[in-house]
Amino acid sequence: QVQLVESGGGLVQPGGSLRLSCAASGFTLDYYAIGWFRQAPGKEREGVSGISSSGSSTTYADSEKGRFTISRDIAKNTVYLQMNSLNPEDTAVYYCAAVPHPGILEPPSDADDYDYWGQGTQVTVSS
């Protein structure tokens, strides 16, 4: 059974950092692309970052480039999202999602392309 569990969210001051984790079970990361998405109150879900099943291709939304870094630990079957220089506009529930996507192709950017979703973790950036 495929399962994704996010953790690492919380309250942080503007300019601070958080590292989110997405622990996967029921499948191995080397066959699945993983995406991070977020949804703020009253807004649509938006893509944040993604990593291919090979790990060689990563993508970021324009507003996250240079601030966020996606990575993974195959041994732990976990994907991370390091978020630096956080600002109040980053406040949202963050979700990770998975889809079978073998090869070195870029991970899908559309949420509709993902088959499995975690429950989400709240990130609040506020002073």
Side-chain angles (χ1 to χ4, degrees):
Q1 181 179 357
V2 172
Q3 188 174 13
L4 299 168
V5 179
E6 303 96 334
S7 62
L11 173 64
V12 63
Q13 292 187 341
S17 298
L18 283 174
R19 188 178 78 158
L20 305 184
S21 298
C22 173
S25 60
F27 68 98
T28 56
L29 292 177
D30 54 8
Y31 192 75
Y32 281 67
I34 303 294
W36 281 100
F37 296 83
R38 67 186 183 188
Q39 188 165 21
K43 295 187 177 181
E44 293 187 354
R45 188 170 296 189
E46 62 178 358
V48 175
S49 182
I51 187 165
S52 64
S53 58
S54 67
S56 62
S57 177
T58 58
T59 59
Y60 299 92
D62 287 342
S63 60
E64 275 67 71
K65 288 179 180 177
R67 298 192 303 128
F68 292 7
T69 303
I70 191 170
S71 63
R72 67 181 192 175
D73 185 329
I74 291 294
K76 295 182 179 180
N77 221 34
T78 299
V79 175
Y80 303 98
L81 184 68
Q82 177 67 43
M83 306 187 297
N84 299 327
S85 301
L86 287 164
N87 58 65
E89 290 69 39
D90 295 315
T91 295
V93 178
Y94 284 70
Y95 301 88
C96 64
V99 61
H101 202 252
I104 61 173
L105 296 176
E106 279 193 354
S109 59
D110 192 331
D112 290 339
D113 291 332
Y114 286 83
D115 295 334
Y116 305 99
W117 290 82
Q119 293 290 90
T121 185
Q122 176 71 48
V123 171
T124 302
V125 184
S126 175
S127 55

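Just so it is clear, the model here is predicted, and its values are computed rather than measured. We use all heavy atoms of the structure for the numbers below, so side chains are in, but hydrogens, waters and symmetry mates are not.
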Legend entry - Of T58, L29, L81, the residue whose pairing with I51 passes side-chain contact (heavy atoms from CB on, under 4.5 Å):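 Option passing the side-chain contact (heavy atoms from CB on, under 4.5 Å) with I51: T58.
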Legend entry - Qualifying residue, where the test is side-chain contact (heavy atoms from CB on, under 4.5 Å) with L18 and the options are L11, T124, V12: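 Running side-chain contact (heavy atoms from CB on, under 4.5 Å) over L11, T124, V12 with L18 returns exactly one hit, V12.
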Atom pair [atom1] ([X]) and [atom2] ([Y]), whose distance is rounded to the nearest 0.5 Å:
X    : Y   : atom1 : atom2 : answer
L105 : S52 : CG    : OG    : 8.5 Å
N84  : F68 : CG    : CZ    : 8.5 Å
Q3   : S25 : CD    : OG    : 4.5 Å
R67  : D90 : CZ    : CG    : 4.0 Å
E64  : S85 : CD    : OG    : 11.5 Å

Checking the side chain of [X] only, and the main-chain atoms of [Y] only, is there a donor and an acceptor separated by less than 3.5 Å?
X    : Y    : result
T121 : G9   : yes
Q82  : I70  : no
S49  : T59  : yes
T91  : V125 : yes

Does a donor on one side chain sit under 3.5 Å from an acceptor on the other, for [X] and [Y]?
X   : Y   : value
S56 : S54 : yes
R38 : Y94 : yes
S53 : D30 : no

Legend entry - Crowding at CD, Q119 (>12 non-hydrogen neighbours, <6.0 Å):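 No - once you tally the heavy atoms of other residues, nucleotides and ligands closer than 6.0 Å, there are 12 at most.
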[Y] side chain reached by [X] side chain, heavy atoms, under 4.5 Å:
X    : Y    : value
P88  : S126 : no
Y32  : H101 : no
P108 : V99  : yes
S21  : T78  : yes
Y60  : T69  : yes

Legend entry - Taking every non-hydrogen atom, the tightest pair across A33 and P107: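 Reported closest heavy-atom pair: CB-CB, 4.0 Å.
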Inset, instruction - Work out which heavy atom in E106 is nearest to a heavy atom in S57; give both atom names and the distance. - result: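 In this case the closest contact between E106 and S57 is CG-OG, 3.2 Å.
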Inset, instruction - Assert yes or no for the condition that the ring centre distance of W117 to F37 is strictly below 6.0 Å. - result: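 That pair passes the under 6.0 Å test.
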Inset, instruction - I would like to know whether W36 and V79 meet side chain to side chain contact (heavy atoms under 4.5 Å, CB included); could you show each step before the answer? - result: CA-CA 9 Å; W36 281 100; V79 175; 3.7 Å; yes
Inset, instruction - Dump the intermediate steps for side chain to side chain contact (heavy atoms under 4.5 Å, CB included) on Y114 and I34, then the final yes or no. - result: CA-CA 8 Å; Y114 286 83; I34 303 294; 5.8 Å; no
Legend entry - Cationic tip of R19 above Y80 ring, under 6.0 Å, 45° of axis: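 Yes, a cation-pi geometry holds between R19 and Y80.
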Inset, instruction - Just do the side chain to side chain contact (heavy atoms under 4.5 Å, CB included) check on M83 and V123 with the steps written out, would you? - result: CA-CA 10 Å; M83 306 187 297; V123 171; 3.9 Å; yes
Inset, instruction - Let me see the working for Y116 and F27 under side chain to side chain contact (heavy atoms under 4.5 Å, CB included), right down to the final yes or no. - result: CA-CA 11 Å; Y116 305 99; F27 68 98; 5.9 Å; no
